[in-house]
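Whatever order the structure lists ligands and atoms in, that order sets their numbers, starting from 1.
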Amino acid sequence: MKFASRIDKVPPYLFVEISRKIAQKKAQGIDVISFGIGDPDIPTPENIVARLREAALDPANHRYPETDGLPEFRHAAAGWYQRRFGISLDPDTEVLPLIGAKEGIGHAALCFVDPGDIALVPDPGYPVYSVGTWFAGGECHWMPLLEENGWLPDLGAISSEVAQRAKVMWLNYPNNPTGAVATSEYFERVVEFARENDVAVMHDASYSEVAYDGYKPISFCQVPGAMDVGLEFHSLSKSYNMTGWRLGMAVGNAEMIRALMVVKSNLDSGVPQAIQHMGIEALNGPLDSIDARNAVYQRRRDRVVEVMRGMGLSVDPPKASLYVWVRIPSEFTSAQFAEKLLEEADVVVTAGNGYGSHGEGYIRLSLTIGDEDLERGLERLATLSI
Ligand SMILES: *Cc1c(COP(=O)(O)O)cnc(C)c1O
């Protein structure tokens with residue numbers, strides 16, 4: 001068979017070896033506890049599921065949706081934005097429902113990247129920014145995320161030649177995998193950079209509603225000029241424990257939204273309407289409906305940080321996101337350390353280099369693990385000698 005080169009361009013799955021070991025252990029009946037994947041263990045709120053049950057019975061929802069979605073969904077999204085961030089969006093031109101943020105992120109590359117173009121991509125980062133770029137025939141210019149810069153790309157380190165050639169910049173705050181957050185001063189510098197170099201900014205805000213200690217993540221669109229240069233991606237997945245339902249939205253610059261519509265209307269037929277009704281229910285609900293959920297994650301975060309520090313590891317408690325990003329002792333690589341935890345404690349963590357070469361030296365622990373498993377896993381880790 002003759003496959004397109006983009007199929008080979010995707011790097012081999014970095015966790016093949018560890019996945020094989022997990023499968024082996026499980027086959028032997030060993031109780032493996034995974035802090036690996038970021039997929040909420042807490043169910044979707046009951047009122048949101050009830051809305052789906054109702055919507056499923058309405059034959060109007062059995063037919064093709066429109067790519068731009070139900071007007072009620074777009075209004076709910078704009079209303080949520082107004083209440084949450086104080087920004088007015090035009091629901092008809094500045095909001096587009098997505099089949100999850102991942103879908104929108106992947107397709108957005110097709111709006112900006114021609115073969116040979118450059119995308120500015122954070123390293124470490126969520127893999128879809130780079131894979132989407134490659135699928136569109138573009139090249140990634142990696143922006144290292146370094147601890148000393150607060151895990152924010154150093155815009156001054158991007159050469160003017162690269163900046164001139166770049167079509168798009170990907171950012172993600174609260175950040176996966178580092179848990180870092182961005183300030184509005186930083187976003188202001190990003191807008192300035194985007195203007196100077198005519199670069200589209202794609203901000204992934206999938207974790208905007210997962211935050212701790214009273215911290216409220218900001219929106220890129222809150223910064224003056226942001227709506228001229230970029231889009232922001234939101235996901236109901238992490239905000240409302242809805243990973244299984246596949247729902248998100250892009251908001252921002254109307255011309256960019258229109259370009260994304262061109263791609264999507266030709267490749268997918270939009271979000272199933274019954275699922276959009278779940279989104280309407282979620283987004284029209286009170287903003288504090290997620291506080292209790294965040295309190296659960298915060299307790300878990302505190303326990304993970306406590307145990308990591310007890311193991312002698314260095315960790316900054318994240319203000320937001322679902323992840324604790326832990327620096328490991330320098331005598332190990334990330335993969336070696338992850339393997340050690342699996343071998344000696346039957347605990348799975350993600351090796352930081354799986355998110356890019358600058359993730360080397362770190363591991364990521366996800367907080368989306370039930371309280372009992374979390375405690376059992378942490379007790380095992382606490383007894384390890386590093
Ligand atoms: C989970 C995640 C997504 C995907 O969200 P979906 O709406 O479920 O597709 C996007 N970006 C980041 C950084 C994520 O961690």
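- Taken from CE in M278 to CG in L247, the straight-line distance is 8.5 Å, to the nearest 0.5 Å.
- Among the atoms of E103, none of the N or O lies under 3.5 angstrom from an N or O of ligand 1.
- Scanning the protein heavy atoms around atom 10 (C) of ligand 1, the nearest turns out to be S206 OG, 3.2 Å.
- Residues H277 and Q273 have side chains that never bring a donor and an acceptor to within less than 3.5 angstrom of each other.
- Less than 4.0 angstrom separates some heavy atom of N172 from each of these atoms of ligand 1: 13 (C).
- Here the straight-line distance linking atom CG of N241 with atom CZ of R293 works out to 5.0 Å at 0.5 Å rounding.
- For the atom pair OG1 of T350 and CZ of R364, the computed distance is 4.5 Å after rounding to the nearest 0.5 Å.
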* Just do the side chain to side chain contact (heavy atoms under 4.5 Å, CB included) check on S239 and H234 with the steps written out, would you? => CA-CA 9 Å; S239 297; H234 281 269; 5.7 Å; no

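- Within the structure, ligand 1 lacks T243 among the residues with a heavy atom less than 4.0 angstrom away.
- Per-residue contacts place R246 under 4.0 angstrom from the following atoms of ligand 1 (heavy atoms of the residue considered): 6 (P), 8 (O), 9 (O).
- Considering backbone and side-chain atoms alike, A101 places an N or O below 3.5 Å from some N or O of ligand 1.
- Within the structure, the closest approach of Y207 to ligand 1 falls below 4.0 Å when heavy atoms are considered.
- With hydrogens left out, the protein atom closest to atom 4 (C) of ligand 1 is Y126 OH, 3.4 Å, a heavy atom.
- Of the inter-residue distances, the one linking E147 atom CD with H358 atom NE2 reads 13.0 Å to the nearest 0.5 angstrom.
- Contact atoms of ligand 1 toward S235: 5 (O), 6 (P), 7 (O), 8 (O) (distance under 4.0 Å to a heavy atom of the residue).
- Among protein heavy atoms, atom 8 (O) of ligand 1 sits closest to S237 OG, 2.6 Å.
- No salt bridge links R376 with D346; every basic N to acidic carboxylate O contact stays at or beyond 4.0 Å.
- At the top of the distance list for atom 2 (C) of ligand 1, counting protein heavy atoms only, stands K238 NZ, 2.5 Å.
- Remark: ligand 1 and N176 share an N or O pair separated by less than 3.5 Å (distance only, no angle test).
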* Asked: Y129 and D204: side chain to side chain contact (heavy atoms under 4.5 Å, CB included), yes or no, with the steps?
  -> CA-CA 10 Å; Y129 316 134; D204 180 353; 2.7 Å; yes

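- Note that the CG atom of D41 and the OG1 atom of T243 stand 10.0 Å from one another [nearest 0.5 Å].
- Backbone and side-chain nitrogen or oxygen atoms of D204 are examined, and one is located within less than 3.5 angstrom of a nitrogen or oxygen of ligand 1.
- Interface of Y129 with ligand 1, defined as ligand atoms under 4.0 Å from a residue heavy atom, comprises 13 (C).
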